[in-house]
S.K.: 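The following block contains the structure, expressed as structure tokens.
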Amino acid sequence: MSDDATLKVSELDAGLIYRLFSGAIAPRPIAWVSTLSESGHANLAPFSFFNVASVDPPVLAFSPLLNGEGATKDTIANLKQVGECIVHIGGEALAEALNATSASLPPEGDEFDHAGLTKASLGDLRVPRIQEAPVAFGCRLHDILHFGDRPLSGNLVLAEVTVIHADPRVWNGRHVSCDALAPIGRLAGSDYARCTDLFSLERPK
């Protein structure tokens, strides 16, 4: 590695790149994603490599990484089987439950039960919604882009939103109340960020 601030990616291992990404590209919104296996087992997991990909059509993008052994996570396997997911925005009130669903449970384990969350329906989707989450985007799979089979390789999920749950205490039909939602962002390690110290800039015309 060179002594100055310029780093050659070819000389960095994946773990080091991950630490730089997660520390510098922050705070990141968190997609709290529920899926369902073909046999009916629900899965729930948070992903902070997440954002909006398109508005018309409405498409969300999130990227579950392969684990340290290069194995695919249940979310990807379920999406390939059922082709549906629900992306929730939890907010600070649900931070503990969100963190609990990042535990490594077996495929037949139920993160809803593990985190003390209630299943609810959303439109005609088979996948369960988190009843306690104020915002939920029900999606059908648009595409998955695979970036390799090595540990920490990404799988970019493009999920087209077909139905939305928006608690009226958070969404008044035109604006989201930041105070009511109390959104949180992901930093590196065990750290999260609150959206409590805000400032505004007028966009140039």
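From a predicted model like this one, the values you see are computed outputs, not experimental measurements.
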S.K.: Using 0.5 Å steps for rounding, measure from the OH atom of Tyr192 to the CD1 atom of Ile184.
M.R.: 6.5 Å
S.K.: Taking only distance into account, with no hydrogens and no angle test, what donor-acceptor pairs under 3.5 Å do side-chain atoms of residues 155-168 form with protein atoms, sequence neighbours excluded?
M.R.:
residue : atom : partner : partner atom : Å
Asn155  : OD1  : His146  : ND1          : 2.5
Asn155  : ND2  : Pro64   : O            : 3.2
Thr162  : OG1  : Gly138  : O            : 3.4
Asp167  : OD1  : Arg169  : N            : 2.8
Asp167  : OD1  : Arg169  : NE           : 3.1
Asp167  : OD2  : Arg169  : NE           : 3.2
Asp167  : OD2  : Arg169  : NH2          : 2.6

S.K.: Atom CD1 of Ile144 and atom NZ of Lys80: how far apart are they, to the nearest 0.5 Å?
M.R.: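 Those atoms lie 5.5 Å apart.
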S.K.: In Å and rounded to the nearest 0.5 Å, what is the CD to NE2 distance from Glu111 to His41?
M.R.: 11.0 Å
S.K.: Same cluster for Val127 and Leu44 if Ile/Leu/Val/Met/Phe/Trp/Tyr side chains link at under 4.5 Å?
M.R.: no
S.K.: So, taking the atom named OG1 in Thr72 and the one named CG in Leu79, what distance separates them when rounded to the nearest 0.5 Å?
M.R.: 11.5 Å
S.K.: Using a 6.0 Å cut-off, check whether atom CG of Asp149 has over 12 heavy atoms from anything other than its own residue.
M.R.: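 Atom CG in Asp149 is not packed in, count stays at 12 or less.
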S.K.: Just by distance, with hydrogens left out, do Thr35 and Glu84 show a side-chain donor and acceptor under 3.5 Å apart?
M.R.: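 Glu84 and Thr35 do not have a side-chain donor-acceptor pair below 3.5 Å.
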S.K.: For Glu96, does the CD atom sit with more than 12 other heavy atoms under 6.0 Å from it, leaving out its own atoms?
M.R.: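 For Glu96, atom CD is not crowded (no more than 12 foreign heavy atoms under 6.0 Å).
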S.K.: Identify every side-chain donor-acceptor pair in residues 21-34 under 3.5 Å, counting partners at least two apart or on other chains, and give the distances.
M.R.:
residue : atom : partner : partner atom : Å
Ser22   : OG   : Tyr18   : O            : 2.9
Ser22   : OG   : Arg19   : O            : 3.3
Arg28   : NE   : Ser48   : O            : 3.3
Arg28   : NE   : Ser48   : OG           : 3.1
Arg28   : NH1  : Ser22   : O            : 2.8
Arg28   : NH1  : Ile25   : O            : 2.9
Arg28   : NH2  : Ser48   : OG           : 3.1
Trp32   : NE1  : Thr101  : OG1          : 2.9
Ser34   : OG   : Pro128  : O            : 2.8

S.K.: Is the closest side-chain heavy-atom distance between Pro134 and Leu94 below 4.5 Å?
M.R.: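 Of all side-chain heavy-atom pairs linking Leu94 with Pro134, at least one is under 4.5 Å.
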S.K.: Could you state whether Val176 and Val52 fall into the same hydrophobic cluster, counting links through intermediate Ile, Leu, Val, Met, Phe, Trp or Tyr residues with side-chain heavy atoms under 4.5 angstrom apart?
M.R.: yes
S.K.: Counting heavy atoms not belonging to Glu38, are there more than 12 under 6.0 Å from its CD?
M.R.: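 Open.
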S.K.: Taking a hydrophobic cluster as the set of Ile, Leu, Val, Met, Phe, Trp and Tyr residues connected by side-chain heavy atoms closer than 4.5 Å, whether directly or through intermediates, do Phe50 and Leu141 fall within one such cluster?
M.R.: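 Yes, because Phe50 and Leu141 connect within a single hydrophobic cluster, where side-chain heavy atoms sit under 4.5 Å apart.
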S.K.: Would a hydrophobic clustering, with Ile, Leu, Val, Met, Phe, Trp and Tyr connected at side-chain separations under 4.5 Å, put Val87 with Val170?
M.R.: yes
S.K.: Answer yes if Phe47 and Leu66 sit in the same cluster of Ile, Leu, Val, Met, Phe, Trp and Tyr residues linked by side chain heavy atoms under 4.5 Å apart, and no otherwise.
M.R.: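 Looking at the clustering, Leu66 is in a separate group from Phe47.
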S.K.: Supply the atom-to-atom distance Asn99 CG to Ser190 OG, rounded to the nearest 0.5 angstrom.
M.R.: 8.0 Å
